[in-house]
Amino acid sequence: MGAYAPAAGVSARGCLDAAGPWTISRALRPPLPPLCFFLLLLLAAPGARAGGYETCPTVQPNMLNVHLVPHTHDDVGWLKTVDQYFYGIKNDIQHAGVQYILDSVISALLADPTRRFIYVEIAFFSRWWHQQTNAMREVVRDLVRQGRLEFANGGWVMNDEAATHYGAIVDQMTLGLRFLEDTFGSDGRPRVAWHIDPFGHSREQASLFAQMGFDGFFFGRLDYQDKRVRMQKLEMEQVWRASASLKPPTADLFTGVLPNGYNPPMNLCWDVLCVDQPVVEDPRSPEYNAKELVDYFLNVATAQGRHYRTNHIVMTMGSDFQYENANMWFKNLDKLIRLVNAQQAKGSSVHVLYSTPACYLWDLGGLACPVGHDPALNAPAAVGQWVGVCNQLEALVGLAANVGPYGSGDSAPLNKAMAVLQHHDAVSGTSRQHVADDYARQLAAGWGSCEVLLSNALARLRGFKDHLTFCRQLNISICPLSQTAARFQVIVYNPLGRKVNWMVRLPVSEGVFVVKDPNGRTVPSDVVIYPSSDSQAHPPELLFSASLPALGFSTYSVAQVPRWKPQARAPQPIPRRSWSPALTIENEHIRATFDPDTGLLMEIMNMNQRLLLPVRQTFFWYNASVGDNESDQASGAYIFRPNQQKPLPVSRWAQIRLVKTPLVQEVHQNFSAWCSQVVRLYPGQRHLELEWSVGPIPVGDTWGKEVISRFDTPLETKGRFYTDSNGREILERRRDYRPTWKLNQTEPVAGNYYPVNTRIYITDGKMQLTVLTDRSQGGSSLRDGSLELMVHRRLLKDDERGVSEPLMENGSGAWVRGRHLVLLDTAQAAAAGHRLLAEQEVLAPQVVLAPGGGAAYNLGAPPRTQFSGLRRELPPSVHLLTLASWGPEMLLLRLEHQFAVGEDSGRNLSAPVTLNLRDLFSTFTITRLQETTLVANQLREAASRLKWTTNTGPTPHQTPYQLDPANITLEPMEIRTFLASVQWKEVDG
C-alpha cells in the first residue's frame, strides 16, 4: 500500500495546495504557504524535544500514526456523591469506584513499559495519593517521571465552561496544579488542557488556558452542525485566538476536537462496563475474530484520518469511570497494537501506539490550519463571595488569622469545596438531588472553618474580641441577632481595591433605631416594612448607607430607641385606575416610570445623559416540552426545549405598592401567588435594582414551566445582542446565525440562548440597555429590542440524558430570590458602568454582626473601628483578583486590568495602567516579588509554550522580560500573577 496518503486536496504537510514531496522532518522548513502555520518548537534543534515531551514514544514518519489514549473520565459528583464515587459505594446507582481505578491502572502500567495512561481529576487523585504508602508513592513518581502516567488538565475538577466565573475557574485550576507541582515537580505539570465532557466551550476558558501555560486544548463536545462542517473543511484542529484585547500569542491556543467525544470507536470498548467482544487471536477458537477486528480498525483509522490534516490521529480509549479492571483494557489494546502493526509487513501504512494528548500534540509538528472561531455550544452566590474575603483576611493578617482567640481556622476546606462546585455536573445543575445536597454539605463544612479564621482576623485588625455572628441566611432576611437585640455592631467588609458606598439592609424588629458611623456620628437610617401578612417571611428591614474603605471594613453601631412608637415606612397600595397618573421613582441619576393601569415598568430615563427609553418588563413562562411529533426530547436538567416559541405571561398586570423614604424608593410588584418583584432605587445609584422572588412554581396543571424575566424596548438591534464570557470579555451574538456555517435552526428559542454569567445587553449603537445578573443564567434576545433571562424552572419529566430525575425540587430550592441590575447609558459610556458594577456585584461587601461588650485584643492598643488593607486605592480599571496565603511568609497576588480594548467610556479606562506594589499594602511589606503564570506553577521568566505562526501573519515580537515591583504595567484585559515574600507589620496600634 506504500506510504500514507493524506486527504485529497491537502498536501501531506497539511497546507492547501502546497507543492513538493511530503516529509515529517523538522529540519526542512519550506516557505510558508498563505493558509498555513507551522508549530515552531522553543529552543529545539531539528529532532530535539522540548521540555516535557522527552519521554514521548517514537512514531513512523511515513505512516498514519494512531495515538491510543487510555483514560478514565471521573465526574466529581453526578449520579453519586464525591465520596460514593471514590469509595465505590452505591454501585446499584452506578458502578464506579475511583480508588479501584487508580489501584488497577498503576498495576497495569507496571506490567508493561510501553503502556501509558492519563488522569485528570485531582480532587480524586489527591485523595487517593494521601492514602498510599511511601513505597507506592515512589512507584507513582517514577511512572510520572517516565511519562507513562501523565496528568492532563490538572484542575481540582474539570470545570463547567458555561456557568462558571473566571475567578472560580482560575482558583480551582490553581488548587489542582499546585498539588501536582508540589508532589511531582515539573514532571507532573500538564502540557495539555482536557475538557472532554463540559457542555460546550467558551472563548474565555481558552484564553485562561493559554495564560496558564498550556500548549494545547482538546475537547469532546460541540454543536453537531459545527462538527460536520469542521470535518468537511479539515478544521477539527486550529489555533483559537481567544481574546480580542490580549496581544497574540498571549491568548492563542492550539485546539483539537476529539473524533469520538471521549469514547472509544464503536465496537472497541474493552472495559468491564462494556459489552464489546475481546480480541481473540487463536484461529482454532470458534470465537476467533482477530482478522475481522484488525480490518475493522484499519477502516476506522483510515476514515478518521480523512478529516485531519496530518499523518497523526488520536483515539480516546476509555470513558466514564472505566479501568476499574485496567488489565482487561490493556490486554486487548496490547493485542490490537501488535496485530495492526504486524500488517505493515503486508503493506499497511497504519502504525498504532500507546500515547497521550501531549505526545500527540508534539507529533503534530507540521500541522497547518487557520486561526479559528469559537466552537458553538451544544445544541440543546453568596458563599462564593465569602471565599475571597476569607482568603484576603488570611493574607492581610498572617498566622494570627489561623490561630487566635476563636480557635484554629483554615481557608483550605472552603477553597476545596468551592473548587468541587465548579465541576461541570455541579454548578450546571446536572447532578442528582442527593448529590446537590452533598455539595451543600461540603460548603457548610468549609464555611465553619472559615468563620473561625475570619473571627481571628477581625479580632486582630479591630483590636477587639467579641462574639461575632455570621448571618448565613441574610439573603432571605433572616438574622437572629439583628432581629432580637436592642443594640449591636455591624462590621461591613469591602473586598474591592477601591472605596464603596453600600446600603446595608438588616432584618429587625419594629421600632426606631439610631445608627452611628465609625467616628460616632449618627447617620441617616430607615426601617421599611414589607407588604406581607407573614412577618417572619418578610420582617421589617433597617437601612443605612455604609462608607467602606478599600480592602477593609467599617464598624457601625445600632441601637433601638426605647419606648418610641414604631415609625417604620410601610408600602402604600396603589389602586388600579385608568385615570391615575404615572407612578415614578427617581434619584439624581435615574427615573423609572410605571404604567398605572398594569403596574408594570414602562420607561427608564438616564437624567445625566437625557436618555429616555420605553422599557416594559414582566415575567413569562415557557411550557416545557415533554416531546412532540418532531422529537421525543423533553426539557430537563440538561435540555431547554419549550413546546412553543411564544411564552405565556405570568400575569398581564401587577398589584403594586409604593415606598418612598430619604434612603430608598421602591415599587413592590405582585404578579401572582408565586411571582413578585421589588424595583428599587437608592440615592446616588446609577442603576435600577430589580429583586425578584419566584416559586414554588405551580405544576398542578401538569405543565412544566420555565420562567423568564423579559425586557421589551423599541431599540433597533438588528438581530444582535451581547453577553459576557465567564464574566470577562464581551461577545456579540446574532440571532439564528453562526459565523462559519449556514445554520439549520431546529430550536428557535433554545438555539438562541447563551450563558450569561454577569451581564447581557442590547444596543442600537447610540443607546445601550444592560442587565447584570447576580448568578449565571441563560439569556437571549429573541426579537429586536427585546432581552430575556431565565430565572427559574420546574419540570415534570426527565430529559433522558443520564440523571433520571425530573428537575422538580420540593425543598428550599423550590423558591428563588435574585437580582437584576439595569443600566441605561450611551453605547460609548456604557462599559464604565457595567464593568465596575459587575465587579461590585461579584465581590459585594459582606456583613458581620457583634453584640458588643467584648474585650480588648491587646491591652496596649485602642480598638479600631475602621481599617484599610491598602495605603492607596487602586485605579478603577484595576481589579484585585486574588490576595491569598501561599505558605509561610508568602502570598499569592493577582491584579487584572478589567477593561477591554475600546472600552474607554470617555475616561481613558482602556489605557495601560502602571502600579507601584512596593508599599501598596498596609499590613505587610513585600520583600521579594516573583511573577508567575496565571496558575502560579511556573515562573514567568522560565515559562515557555509551543509557538505558532498563523495565517494572520507572525506574532509580535515580545519585549525582554523585566520585573520592577515599583513599575507593574497592566494592559487591557491582562492578568498578572505574583508570588510575594512578605513581612507582616504590627497592626494592633
Side-chain angles (χ1 to χ4, degrees), residues 381 429 475-477 530-534 536-538 571 573-574 576 583 585 592 594-602 615-624 635 640 642-644 646-659 666-680 688-712 749 753 756 760 771-780 782 786-796 807-822:
N475 64 316
I476 55 172
S477 301
Y530 274 85
S532 173
S533 58
D534 186 354
Q536 290 185 336
H538 298 286
I574 306 298
R576 293 177 61 242
L583 173 69
I585 57 175
F594 296 79
D595 189 319
D597 295 326
T598 64
L600 304 182
L601 177 68
M602 69 177 190
V615 181
R616 184 181 188 273
Q617 183 273 334
T618 189
F619 293 88
F620 296 83
W621 57 275
Y622 290 103
N623 184 8
S635 213
F640 167 42
N643 71 352
Q644 61 185 36
K646 187 176 180 180
L648 302 171
V650 171
S651 175
R652 299 187 185 279
W653 63 277
Q655 181 183 11
I656 59 176
R657 292 172 180 258
L658 177 65
V659 172
E666 297 178 341
V667 173
H668 294 247
Q669 300 172 306
N670 188 45
F671 297 91
S672 73
W674 55 273
C675 182
S676 62
Q677 182 171 259
V678 179
V679 184
R680 180 179 293 128
L688 195 63
E689 178 181 320
L690 280 61
E691 185 178 65
W692 43 266
S693 299
V694 177
I697 300 173
V699 290
D701 54 8
T702 70
W703 285 4
K705 297 175 179 65
E706 313 193 67
V707 183
I708 63 168
S709 173
R710 195 173 80 187
F711 301 77
D712 293 313
V749 177
Y753 255 69
V756 178
I760 181 172
V771 179
L772 290 93
T773 64
D774 65 349
R775 68 202 69 195
S776 292
Q777 297 176 322
S780 187
L782 297 177
S786 181
L787 180 158
E788 66 185 57
L789 287 156
M790 181 81 68
V791 297
H792 202 5
R793 311 169 74 208
R794 199 175 190 204
L795 310 175
L796 299 173
L807 195 65
M808 190 171 66
E809 191 171 352
N810 292 313
S812 59
W815 176 71
V816 179
R817 178 186 288 180
R819 297 195 308 159
H820 290 151
L821 310 181
V822 183

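Values below: all heavy atoms of this structure, side chains included; hydrogens, waters and symmetry mates excluded.
- No side-chain heavy atom of Pro647 sits less than 4.5 Å from a side-chain heavy atom of Trp621.
- Although no hydrogens or angles enter the test, the distance criterion places no donor-acceptor pair under 3.5 Å between the side chain of Asp595 and the main chain of Met602.
- In terms of heavy-atom proximity, Arg817 sits nearest to Ser477 at NH1-OG, 3.6 Å.
- Not counting sequence neighbours, the partners of His820 by the ring pair (Phe, Tyr, Trp, His ring centres under 6.0 Å) test are Trp692.
- With sequence neighbours left out, Pro698 forms a side-chain contact (heavy atoms from CB on, under 4.5 Å) with Trp674.
- Counting heavy atoms from C-beta outward, Leu796 and Met808 have side chains that approach closer than 4.5 Å.
- Heavy-atom minimum distance, Gln644 versus Val749: O-CG2, 4.4 Å.
- In terms of the salt bridge (charged side-chain N to carboxylate O under 4.0 Å, His left out) criterion, Glu788 has no residue partners (sequence neighbours excluded).
- With sequence neighbours left out, the side-chain hydrogen bond (donor to acceptor under 3.5 Å, both in side chains) criterion links Ser780 to no other residue.
- Contact detail for Gly599 and Ile656: the closest heavy-atom pair is O-CG2, 3.5 Å.
- With sequence neighbours left out, Phe711 forms a ring pair (Phe, Tyr, Trp, His ring centres under 6.0 Å) with no residue at all.
- Side-chain contact check for Ser709 versus Gln777: every heavy-atom pair is 4.5 Å or farther apart.
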Carefully, step by step, assess Arg680 and Glu666 under the rule salt bridge (Lys or Arg N to Asp or Glu O under 4.0 Å).
CA-CA 4 Å; Arg680 180 179 293 128; Glu666 297 178 341; 2.6 Å; yes
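- The environment of CH2 in Trp703 is sparse: at most 12 heavy-atom neighbours from other residues, nucleotides or ligands sit within 6.0 Å.
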What verdict does the side chain to side chain contact (heavy atoms under 4.5 Å, CB included) test give for Leu688 and Ile585, after you've listed the backbone C-alpha separation in whole Å, the side-chain angles of each residue and the deciding distance to 0.1 Å?
CA-CA 10 Å; Leu688 195 63; Ile585 57 175; 4.3 Å; yes
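- Residues satisfying the salt bridge (charged side-chain N to carboxylate O under 4.0 Å, His left out) criterion with Arg710, sequence neighbours excluded, are Asp712.
- Rounding to the nearest 0.5 angstrom, the gap separating the CZ atom in Arg616 from the CG atom in Leu600 is 5.0 Å.
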For the pair Val816 and Arg775, evaluate side chain to side chain contact (heavy atoms under 4.5 Å, CB included) and give the outcome as yes or no after the intermediate values.
CA-CA 12 Å; Val816 179; Arg775 68 202 69 195; 3.5 Å; yes
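- Minimum interatomic distance between Phe640 and Ser635 (heavy atoms only, all atoms of both residues): CA-OG, 3.5 Å.
- Ser651 places no side-chain N or O within 3.5 Å of a backbone atom of Ala654 that could act as its donor or acceptor partner.
- Here the straight-line distance linking atom CD1 of Ile760 with atom CG of Leu787 works out to 4.0 Å at 0.5 Å rounding.
- Taking CD from Gln655 and OG from Ser676, the interatomic distance works out to 11.0 Å, rounded to the nearest 0.5 Å.
- Across Gly704 and Val699, no two heavy atoms sit closer than the pair CA-CG1, 4.5 Å.
- With sequence neighbours excluded, no residue forms a salt bridge (charged side-chain N to carboxylate O under 4.0 Å, His left out) with Glu809.
- Counting all heavy atoms, side chain and backbone alike, Val694 lies closest to His792 at O-CD2, 3.4 Å.
- Judged as a salt bridge (charged side-chain N to carboxylate O under 4.0 Å, His left out), and not counting sequence neighbours, the contacts of Arg793 are Glu706.
- Scanning for ring pair (Phe, Tyr, Trp, His ring centres under 6.0 Å) contacts around Phe671 gives Phe619, with sequence neighbours left out.
- The structure places CD of Gln669 at 7.0 Å from CG of Leu690, a figure rounded to the nearest 0.5 Å.
- With sequence neighbours left out, the ring pair (Phe, Tyr, Trp, His ring centres under 6.0 Å) criterion links Phe594 to no other residue.
- Under the rule for a side-chain hydrogen bond (donor to acceptor under 3.5 Å, both in side chains), the partners of Ser776 that lie at least two apart in sequence or sit in another chain are Asn757.
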